[in-house]
Number of protein chains: 2
Amino acid sequence: MPSSHSTPTLQDVARKAGVSTATVSRCLNSPERVVAETRTRVMEAVEQLGYTPNFGARVMAAKRTFTIGAIVPTMENAIFARGLQAFQEELHARGYTLLVSSTAYDARVEKEQIKALVARGADGLLLIGYDRDPALYSYLAQQGVPAIVTWAYARHDARAAIGFDNRGAMAQLAGAVIAQGHRRIAMISAHQRGNDRAADRVAGVRDALRSQGLAEDSLQVIETAYGIETGEVAMTTLMRARVPPTAVMCGNDVLAAGALCAAADLGLNVPGDVSVTGFDDIELARIVTPALTTVHVPHREMGRKAAQALIAMVEGAPQEPPTELTTSVQIRASLGPAPGI
Amino acid sequence: MPSSHSTPTLQDVARKAGVSTATVSRCLNSPERVVAETRTRVMEAVEQLGYTPNFGARVMAAKRTFTIGAIVPTMENAIFARGLQAFQEELHARGYTLLVSSTAYDARVEKEQIKALVARGADGLLLIGYDRDPALYSYLAQQGVPAIVTWAYARHDARAAIGFDNRGAMAQLAGAVIAQGHRRIAMISAHQRGNDRAADRVAGVRDALRSQGLAEDSLQVIETAYGIETGEVAMTTLMRARVPPTAVMCGNDVLAAGALCAAADLGLNVPGDVSVTGFDDIELARIVTPALTTVHVPHREMGRKAAQALIAMVEGAPQEPPTELTTSVQIRASLGPAPGI
DNA sequence: TCGGCAAATGCAAGCGCTTACATCAGTGTT
DNA sequence: AACACTGATGTAAGCGCTTGCATTTGCCGA
């Protein structure tokens with residue numbers, strides 16, 4: 001008799017349906033192996049008892065959790081939100097559940113979270129960017145947990161990845177800025193240490209300067225945490241200099257939104273007095289005034305494909321080579337000709 | 001001998017340290033019950049083997065997962081992001097891991113996700129709002145999984161909750177709008193069905209109209225999905241009417257941002273031609289032009305307290321009564337006097 | 001009619017861990 | 001010196017499920 005107080009178990013269902021636990025288990029996991037009549041009886045028992053399989057037991061017996069972990073730097077702004085949403089949708093469609101945790105851009109926290117997720121039996125992991133302690137990669141390999149790198153793409157790295165060329169995309173955007181006659185260009189970047197995307201974006205701007213025959217060390221870079229307020233502060237510093245830049249390229253749209261606010265506060269006209277650009281093309285970019293010139297990233301596509309690739313790896317498919325997604329420069333009102341041109 | 005290929009188990013550690021599995025388990029879970037010397041030996045073995053406890057086994061034996069689930073309507077925009085981030089931070093500090101999933105505002109998906117999280121052994125659940133199939137609440141009760149309702153607060157409901165009075169807050173904001181002389185007020189709301197927050201906000205506006213002796217059925221309400229674009233569409237519809245409203249109150253900041261975009265596209269001046277308000281006071285509200293008048297919600301505080309309360313419940317504390325957090329009306333440039341006043 | 005085969009189901013051995021209880025070795029008491 | 005007691009550790013019984021293998025059942029052809 002099912003004990004009336006604790007949650008029902010396979011046993012209880014089996015007893016109620018008058019079959020063995022094995023049959024119940026099969027009904028739940030490979031219904032085609034059970035005759036229709038029995039199956040109906042079992043399913044009714046399941047229904048009546050309100051039975052839910054015990055996850056721990058199932059995991060232990062089956063060695064699979066159907067859980068995928070994602071470790072992102074932050075959930076607070078929208079940078080990762082859309083891609084993650086698409087990732088989860090695809091996962092959900094394939095019967096997997098997503099576990100998200102965030103690191104606040106702290107490598108130590110990231111390490112903890114990775115271990116926590118692996119300990120919790122994540123079948124696979126979504127990681128942002130490449131740059132982390134190599135020991136973590138060996139740890140994952142040792143534990144047999146596949147991982148996929150996203151939001152970045154490195155041709156030379158064999159690791160599974162779905163991303164885009166941060167450096168090339170930023171170089172292209174910088175090319176557009178330079179083409180507008182800007183020569184005094186500054187950049188507001190996230191901290192580059194441990195953040196390859198940020199570092200690549202700075203490098204991209206340098207690439208563009210160089211290829212135009214401009215002095216690349218003339219590029220002034222302010223590093224700061226991601227955030228609207230930090231973007232405001234950085235922009236204010238920049239524009240109060242003796243010779244302020246005529247274009248400020250930001251490491252992402254959030255910083256750029258902050259820069260725009262600061263410009264407004266300082267009474268500067270954008271793009272009349274100074275041009276501002278972002279990166280990511282999140283919704284924010286369209287809403288701010290003036291609308292932001294930025295790099296469009298196919299976040300949803302990235303999330304979806306990452307899910308597909310990761311599931312394939314989890315299910316034992318041979319690891320695919322990294323995939324590069326194409327980005328495009330979105331020219332909007334925040335970029336104009338350099339003043340005096 | 002530890003099999004060289006599979007991951008090490010408690011057994012392996014015990015063997016290596018020359019103790020029983022019970023002792024190893026105790027070292028890991030209640031170190032003070034083991035003599036220092038033994039403990040050191042065990043910890044060394046753990047270290048050398050790179051042992052990580054098997055989550056499933058642990059869960060099954062201990063009946064606890066130290067995992068909390070959160071089910072939010074969406075991760076795509078920032079409405080829930082900040083609160084969730086705070087929730088996770090507090091959880092993490094207390095040794096719990098957060099599992100997030102989203103429902104796309106679909107009650108069926110929510111049901112699935114709740115079951116999935118319970119099946120995955122979530123010790124407790126964070127839910128948004130009250131409005132859902134009562135069967136779900138009984139299911140949770142039967143499964144013994146405590147849940148806390150957030151982003152809403154209902155005095156009359158005994159359910160554990162940490163939230164704010166959506167209706168009262170919106171009424172207060174509407175009061176401010178009316179005080180500016182607005183009489184033709186329209187509202188852009190999320191779909192109210194299954195979304196008590198949205199419904200309460202509409203009701204709040206009606207309350208305010210009534211208490212000012214205005215005809216509450218004169219309030220025109222457009223329901224739409226949450227999103228910037230949907231906000232734009234709704235605003236366009238509203239402003240193209242023969243007698244357009246002089247103030248448009250939006251169910252949240254995202255819709256309001258869309259409304260502001262639409263106003264700009266239509267060549268309307270805000271607040272000269274029409275005032276716009278939001279709700280939530282997410283970062284967006286400060287960035288848009290003009291800055292948004294909205295209701296400030298203490299998201300981080302809510303997230304933090306929700307974590308504390310939920311953990312207390314999970315750990316067996318008697319259920320606390322619902323907690324109400326205070327909101328405040330944030331007046332910014334998007335609200336001005338009604339035209340012609 | 002009966003042997004043989006396949007399909008359906010049952011049996012029971014784990015999966016790796018926690019924990020109640022048993023055991024054992026010291027310590028202090030009388 | 002015998003005893004009770006305490007603290008450290010070991011023993012072993014599950015936790016609820018999956019799954020390889022054994023058993024049963026029903027049907028076919030000979």
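Side chains included, hydrogens not; waters and symmetry mates left out as well; all remaining heavy atoms used. Here is how names work: the chains are called A, B, and so on, in the same order as the sequence lines, proteins then strands, and each is numbered from 1. If you're wondering where the values come from, they're calculated on a predicted model, not measured in any experiment.
Judged by closest nucleotide on DNA chain C, A/T38 is the one of A/T38 and A/T21 placed further toward the 5' end. Toward the 5′ end of DNA chain C lies the nearest nucleotide of B/A57, the other residue of the pair B/A57 and B/R33 mapping further downstream.
Between the OH atom of B/Y51 and the P atom of C/dG16 there is a distance of 10 Å, rounded to whole Å. Across the protein-nucleic acid pair, B/N29 atom CG and D/dA8 atom P stand 17 Å apart, rounded to whole Å. The distance between atom CG of A/L10 and atom C1' of C/dC11, rounded to the nearest whole Å, is 14 Å. Atom CZ in A/R26 sits about 8 Å away from atom C1' in D/dT19, given to the nearest Å. A/N54 has its CG atom 18 Å from the P atom of C/dC15, to the nearest Å. Atom P of nucleotide D/dT25 and atom CD of A/E37 are separated by 15 Å, given to the nearest angstrom.
The shortest distance between the side-chain N/O atoms of B/R58 and the OP1/OP2 oxygens of C/dT18 is below 4.0 Å. Using a 4.0 Å cut-off, some side-chain N or O of B/T23 falls inside it from OP1 or OP2 of D/dG10. A sub-4.0 Å separation between OP1 or OP2 of C/dG10 and a side-chain N or O of A/S20 is present. Considering only side-chain N and O atoms, B/S25 lies under 4.0 angstrom from the phosphate OP1 or OP2 of C/dT18.
In this structure, A/R159 is positioned above the aromatic face of A/Y137, its NZ or CZ under 6.0 Å from the six-membered ring centre and within 45° of the axis.
Using a 4.0 Å heavy-atom criterion, one finds that A/F55 contacts no nucleic acid atom at all. Within the nucleic acid shown, A/V59 has no heavy atom closer than 4.0 Å to any nucleic acid atom.
The closest side-chain donor-acceptor pair between A/H299 and A/Q85, if any, does not fall under 3.5 angstrom.
Annotation: B/Y96 is in aromatic contact with B/F66 [ring centroid separation under 6.0 Å].
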Working for side-chain contact (heavy atoms from CB on, under 4.5 Å), residues A/F55 and B/V59: CA-CA 9 Å; A/F55 181 65; B/V59 166; 5.9 Å; no

Under the side-chain contact (heavy atoms from CB on, under 4.5 Å) criterion, do B/S102 and B/I71 qualify, and how do the steps go? CA-CA 6 Å; B/S102 61; B/I71 293 136; over 6 Å; no

